[in-house]
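Structure first, then comments.
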Amino acid sequence: MIEPDTDMAGHASPETGGDEALIRAIAEHRDRDAYRALFVRFAPRLKAFVMGQGLSAGEAEDLAQEAMLSVWRKAHLFDPRRAAASTWIYTIARNLRIDAARKARRIHDMPDELTRSLQSEDRGPDADDAMIGAEAAAEVRHHIHALPAEQKEVLRLSFYEDLSHGDIAAALNLPLGTVKSRLRLALARLKGLIGVPASEGGQI
Amino acid sequence: MIRHHPSEDLLLAHFQGRLTEGPSLAMEVHLERCAHCRNEMKLLSLVGGALLENADGVGLSDDAIELAMARIERPYEPAPPQSAVKAKPFLQGFDLPESLTKRVISRYWVGPGVWIAPVATPSAPKKSKTYLLSVAPGMVMPEHGHGGAEMTMVLAGGFSDAAGDYDGGDFIEKAAEDVHAPASDPTEGCLCLITHELPIRPLTLLGKLLKPLARI
């Protein structure tokens, strides 16, 4: 298991724990330097990620700005035992994107907390929920690198471009069953690595 | 114990935000009660975050950082929590999330022991229907097929059909070609959240008589 990097100087480091420490500095001290470092690290990646899902460069950058602003405002809600920084920031951006798409489709104006997934950063911890923190995220990152190319490709299309199994099958000219089993294999392998069993609950 | 869960396809679709309002609501209600599926969603977030971290960035506009640093200086008051909307009397006594009960205004009886309460889904596609169905103990619903896919989330009590037995927390997806005649639990009856894409096709005469009254 990789030990978290507890450097508190606010320097962004690619090692596990650097980003989590930055968020802690923001939560505890409103550390502007830490925020700047986090912004420089994540905003360009968020923009790239969201552009893959059909947004223009301008829209993608707006969303990246919104997501990072949310990180600043909600840093006190982040719990590194339950999520890595990248998982949490990814979830914020994903929720924003889904909210925006739903608002664009909405006919009547209705306040709707349902657009916010229960995976959101606002949801309190639950005793049964698996503790998947920063260490697990680092392992997942390394092992995604090590996946067979065809499994990585299916992951990329699912998470970058939000494609359904059917869309991926069409895009890669593969049978639907093949796409499903590649995704299942990739996720099962990752699940095994972080010790989340197939049945209820899980512990690192 | 929950034995029936949404499929992997459905969890992924929900995670990606691809579900329409009815199915999305049914998923949210299930996730609220099911740690197993919440952990599945967590794993998907974990993979998403790992991919995000591995991604190459795209260049930001020249003033992006200055804009970001300026925005965090603006005063910010988090929106006050909305005052809870009280659930209608006929829904009290069940442990239902407010996100569901606030969408239910009224119920109407469609026959002895059976009532339906429409669930407001303003952005759902025109031909879909989402509603609560309450069936008294030991009743058999008319046999019906499904014009489109149907999802059922058991909120209280339970029911059985030829394919299995279902209890509180269970999430069942039926395909368009499935036909069934569900029977409610003989002691507790059943309260379900149901969402489907096209109006249900009743197969028996009783069902055909019931359909206009139920407006489903």
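Order of the sequence lines sets the chain letters (A, B, ...), proteins ahead of strands, with each chain counted from 1.
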I'd like to know which of Arg36(A), His145(A), Arg184(A), Gln65(A) tops the heavy-atom pair count under 4.5 Å against chain B.
Gln65(A)
Would you name the heavy atoms of Val58(B) and Ala48(A) that are closest together and state the gap between them?
CG2-CB, 3.5 Å
Applying a strict 4.5 Å limit to non-hydrogen atoms, the region of Lys152(A) in contact with chain B is neither
Just do the side chain to side chain contact (heavy atoms under 4.5 Å, CB included) check on Glu53(B) and Tyr90(A) with the steps written out, would you?
CA-CA 9 Å; Glu53(B) 226 172 326; Tyr90(A) 171 86; over 6 Å; no
Over all heavy atoms of both residues, which pair between Ser158(A) and Leu12(B) is shortest? Give the atoms and the distance, please.
OG-CD2, 4.3 Å
Yes or no on salt bridge (charged side-chain N to carboxylate O under 4.0 Å, His left out) for Glu66(A) and Arg71(B), after CA distance, side-chain angles and deciding distance?
CA-CA 10 Å; Glu66(A) 282 292 333; Arg71(B) 288 180 80 175; 2.9 Å; yes
Evaluate Glu73(B) against Arg32(A) for salt bridge (charged side-chain N to carboxylate O under 4.0 Å, His left out), listing each step before the verdict.
CA-CA 10 Å; Glu73(B) 303 300 340; Arg32(A) 268 90 178 147; 2.8 Å; yes
Heavy-atom donor-acceptor pair, Arg94(A) side chain to Phe15(B) backbone, under 3.5 Å
yes
Distance (rounded to the nearest 0.5 Å) between Asp167(A) CG and Gln16(B) CD:
9.0 Å
Side chain, backbone, both or neither: which part of Ala13(B) has a non-hydrogen atom closer than 4.5 Å to chain A?
neither
Looking at every non-hydrogen atom in both residues, tell me the closest pair between Arg45(A) and Ala55(B) and how far apart they are.
NE-O, 3.1 Å
Which bit of Leu60(B) comes within less than 4.5 Å of chain A, counting heavy atoms only: side chain, backbone, both or neither?
both
Please look at Asp9(B) and chain A and tell me whether the side chain, the backbone, both or neither of the residue comes under 4.5 angstrom of a heavy atom of that chain.
both
Can you find a pair of side-chain heavy atoms, one from Leu52(B) and one from Phe159(A), that are under 4.5 Å apart?
no
Could you please spell out the steps behind the side chain to side chain contact (heavy atoms under 4.5 Å, CB included) verdict for Lys42(B) and Arg82(A)?
CA-CA 10 Å; Lys42(B) 233 181 159 114; Arg82(A) 300 214 158 260; 4.3 Å; yes
Please check if the number of heavy atoms outside Asp63(B) that lie under 6.0 Å from its CG is greater than 12.
yes
Spacing of Ile144(A) atom CD1 and Leu46(B) atom CG [to the nearest 0.5 Å]:
7.5 Å
With only heavy atoms counted, which part of Leu69(A) is less than 4.5 Å from chain B, the side chain, the backbone, both or neither?
side chain
Chain B: which of Arg30(A), Arg73(A), Met51(A), His165(A) shares the most heavy-atom pairs with it under 4.5 Å?
Arg73(A)
Between Leu155(A) and Leu51(B) the two heavy atoms that sit nearest each other are O-CD1, 3.9 Å
Side-chain donor or acceptor of Glu61(A) paired with backbone N/O of Ser61(B) under 3.5 Å:
yes
Interface moiety of Arg97(A) toward chain B, non-hydrogen atoms closer than 4.5 Å
side chain
Rounded to the nearest 0.5 angstrom, the CG-CE distance for Leu67(B) and Met68(A) is 13.0 Å
Nearest heavy-atom contact between Val140(A) and Ala50(B) is CG1-CB, 3.7 Å
Check whether Lys47(A) reaches the backbone of Gly57(B) with its side chain - one donor and one acceptor, N or O, closer than 3.5 Å.
no
